[in-house]
Novice: 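Input: one structure, supplied below.
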Amino acid sequence: MGQCSKFQKSIYNALLKIPQGKVTTYKILAAHLKCRSSRAVGQALKRNPFAPQIPCHRVIASDLTPGGFKGKKNGAAIRQKLKLLATEGVKFTNGHLAEPAIIWRFHQEK
DNA sequence: CACCGATGTCCAA
DNA sequence: TTGGACATCGGTG
């Protein structure tokens, strides 16, 4: 972790607060970090050297599509992401999140 | 549906 | 120190 910037530490710390079975979005996460660019968050996650110990797979896009995983926006990596999420009880149907109600918003801390 | 600009951060030269 | 590249988003045509 010594190689990580404060920004990345904040991201990883926030990720660890997401309960199993819930997901958040790049935008929500960015807002929680007081960062106006969700893109910056996505780039940090791509660089995440600790996947999947740090649950970067619990972050999806705002339109409820899976987003990316392991640097890829589609392909085997995404299938693995969906599989991981399925293991945690998060289901996707027809390419989008089945139950938007499980989206984790940081405002309630529990 | 496709394109484009705004936005914060990281990395290589 | 600087210029491009991003696991994005929202607006617009």
Side-chain angles (χ1 to χ4, degrees):
Chain A
M1 284 285 257
Q3 310 295 330
C4 300
S5 67
K6 193 115 185 189
F7 181 68
Q8 293 197 358
K9 278 189 180 180
S10 300
I11 290 179
Y12 301 149
N13 186 54
L15 286 183
L16 294 174
K17 292 182 187 170
I18 304 176
Q20 193 178 56
K22 305 243 177 174
V23 294
T24 191
T25 72
Y26 298 104
K27 184 178 184 179
I28 291 172
L29 183 53
H32 177 64
L33 300 175
K34 299 182 177 162
C35 170
R36 302 229 282 117
S37 176
S38 41
R39 221 171 168 188
V41 172
Q43 192 172 66
L45 292 186
K46 171 186 177 179
R47 234 185 67 76
N48 175 13
F50 299 101
Q53 296 179 9
I54 291 181
C56 48
H57 56 278
R58 293 185 191 149
V59 186
I60 66 174
S62 275
D63 60 0
L64 306 188
T65 54
F69 192 58
K70 209 174 186 243
K72 306 289 180 182
K73 290 176 261 180
N74 48 40
I78 292 304
R79 282 199 296 278
Q80 184 179 9
K81 179 173 185 176
L82 295 183
K83 195 170 182 179
L84 275 172
L85 288 173
T87 298
E88 301 184 353
V90 177
K91 304 168 195 168
F92 280 78
T93 62
N94 195 12
H96 64 73
L97 186 65
E99 303 176 38
I102 69 171
I103 291 181
W104 179 250
R105 301 168 193 275
F106 289 87
H107 49 75
Q108 295 219 68
E109 283 291 325
K110 195 167 92 150

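In what follows, chains carry the letters A, B, and so on, assigned in the order in which the sequence lines appear, proteins first and then strands, with residues in each chain numbered from 1. Being a predicted model, the structure only gives us computed values, none of them experimental.
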Novice: Which atoms form the tightest heavy-atom contact between A/Leu16 and A/Pro55, and what is the distance?
Specialist: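 The answer is CD2-CD, 3.9 Å.
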Novice: How would you list, by chain and number, every residue that makes a side chain to side chain contact (heavy atoms under 4.5 Å, CB included) with A/Ala31, sequence neighbours excluded?
Specialist: none
Novice: With rounding to the nearest 0.5 Å, note down the distance linking CZ in A/Arg47 to SG in A/Cys4.
Specialist: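 A/Arg47 CZ to A/Cys4 SG: 6.5 Å, rounded to 0.5 Å.
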Novice: Mind listing the closest non-hydrogen atom pair of A/Trp104 and A/Pro19 along with its distance?
Specialist: CD2-CD, 3.6 Å
Novice: Considering only residues two or more places apart or on different chains, which pairs with a residue in residues 90-102 of chain A satisfy salt bridge (Lys or Arg N to Asp or Glu O under 4.0 Å)?
Specialist: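 Non-adjacent pairs meeting salt bridge (Lys or Arg N to Asp or Glu O under 4.0 Å): zero.
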Novice: Rounded off to whole Å, could you give me the CG-to-P distance for the A/Asp63 and C/dC9 pair?
Specialist: 6 Å
Novice: What distance separates A/Ile60 CD1 from A/Leu29 CG, expressed to the nearest 0.5 Å?
Specialist: 12.0 Å
Novice: Measure from CZ on A/Arg39 to P on C/dG10 and round the result to the nearest Å.
Specialist: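 Answer to the nearest Å: 14 Å.
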Novice: Provide, to the nearest angstrom, the distance between the CD1 atom belonging to A/Ile60 and the C1' atom belonging to C/dT8.
Specialist: 13 Å
Novice: Rounded to whole Å, how long is the line connecting atom CZ of A/Phe7 with atom P of C/dC6?
Specialist: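 About 17 Å, once rounded to whole Å.
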Novice: Minimum heavy-atom separation for A/Ala30 and A/Ser38, please, with both atom names.
Specialist: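 Nearest heavy atoms, A/Ala30 then A/Ser38: CB-CA, 3.7 Å.
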Novice: Just to verify, which of A/Ile28, A/Thr25, A/Ile11 counts as forming a side chain to side chain contact (heavy atoms under 4.5 Å, CB included) with A/Val41?
Specialist: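 The option that passes is A/Ile11.
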Novice: Of all heavy-atom pairs between A/Phe7 and A/Ala44, which one has the smallest distance, and what is that distance?
Specialist: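 Looking at all heavy atoms of both residues, the shortest contact is CE2-CB, 4.3 Å.
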Novice: Starting at atom CZ of A/Arg36, determine the distance to atom C1' of C/dG10, rounded to an integer number of angstrom.
Specialist: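 So the CZ-C1' distance, A/Arg36 to C/dG10, works out to 13 Å.
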Novice: Under the rule for salt bridge (charged side-chain N to carboxylate O under 4.0 Å, His left out), what residues qualify as partners of A/Glu88, not counting sequence neighbours?
Specialist: A/Arg58
Novice: Below 3.5 Å is the cut-off: list the nitrogen or oxygen pairs between protein and nucleotides 2-5 of chain C, distance only.
Specialist:
residue: C/dA5; atom: N3; partner: A/Gln43; partner atom: NE2; Å: 3.4

Novice: Using heavy atoms to find the nearest nucleotide of DNA chain C for A/Lys27 and A/Ala40 separately, return the residue whose nucleotide is more 5′.
Specialist: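 The residue mapped nearer the 5' terminus is A/Ala40.
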Novice: Looking at A/Ser62, I'd like to know whether one of its side-chain N or O atoms comes within less than 4.0 Å of OP1 or OP2 on C/dC9.
Specialist: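 For C/dC9, OP1/OP2 do have a side-chain N/O of A/Ser62 under 4.0 Å.
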Novice: Between C/dA7 atom P and A/Leu45 atom CG, what is the distance in whole Å?
Specialist: 10 Å
Novice: Closest approach of A/Ala40 and A/Cys35, non-hydrogen atoms and distance?
Specialist: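 Closest approach of A/Ala40 to A/Cys35, heavy atoms only: CB-SG, 4.3 Å.
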Novice: Are any of the side-chain heavy atoms of A/Leu64 and A/Phe92 separated by less than 4.5 Å?
Specialist: no
Novice: Please give me every residue in residues 93-101 of chain A whose heavy atoms get under 4.0 Å of an atom in DNA chain C, ordered by residue number.
Specialist: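 Residues of residues 93-101 of chain A that come under 4.0 Å of DNA chain C do not exist, since none gets that close.
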Novice: Under 4.0 Å, heavy atoms only, any strand: does A/Gly71 hit a base, just the sugar-phosphate, or nothing?
Specialist: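 The residue A/Gly71 makes base contact.
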Novice: Name every residue in residues 19-26 of chain A that has at least one heavy atom under 4.0 Å from any atom of DNA chain C, in order of residue number, or write none if there are no such residues.
Specialist: A/Tyr26
Novice: Tell me, what's DNA chain C's dot-bracket, Watson-Crick or G-U with both distances under 3.5 Å, | for other-strand, [ ] crossing?
Specialist: ||||||.||||||
Novice: Tell me, please, the opening and closing nucleotides of DNA chain B, 5' to 3', among those with an atom under 4.0 angstrom from a non-hydrogen atom of chain A.
Specialist: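 So the contact region on DNA chain B extends B/dA6 to B/dC11.
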Novice: Would you be so kind as to tabulate the donor-acceptor pairs closer than 3.5 Å made by side chains of residues 65-72 of chain A, with sequence neighbours excluded?
Specialist:
residue: A/Thr65; atom: OG1; partner: A/Asp63; partner atom: OD1; Å: 2.5
residue: A/Thr65; atom: OG1; partner: A/Asp63; partner atom: OD2; Å: 3.4

Novice: Looking at A/Leu45 and A/Cys56, what are the two nearest heavy atoms and their distance?
Specialist: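 Between these two residues, the closest heavy atoms are CD2-CB, 4.1 Å.
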Novice: Sort and list the pairs that fulfil salt bridge (Lys or Arg N to Asp or Glu O under 4.0 Å) and have at least one residue in residues 27-41 of chain A, not counting sequence neighbours.
Specialist: none
Novice: Could you tell me the separation between the CD atom of A/Gln8 and the CG atom of A/Leu33, rounded to the nearest 0.5 Å?
Specialist: 11.5 Å
Novice: Among A/Leu82, A/Leu84, A/Val90, which residue satisfies the side chain to side chain contact (heavy atoms under 4.5 Å, CB included) criterion with A/His57?
Specialist: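 By the side chain to side chain contact (heavy atoms under 4.5 Å, CB included) criterion, A/His57 pairs with just one of A/Leu82, A/Leu84, A/Val90: A/Leu84.
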Novice: In whole angstrom, what separates A/Phe69's CZ from C/dC6's P?
Specialist: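 Whole-Å distance recorded here is 19 Å.
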Novice: Check nucleotides 11-13 of chain C for protein N or O atoms closer than 3.5 Å to its own N or O atoms and list the pairs.
Specialist:
none

Novice: Please report the interatomic distance CG(A/Leu85) to CD(A/Gln20), rounded to the nearest 0.5 Å.
Specialist: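 It is 10.5 Å, given to the nearest 0.5 Å.
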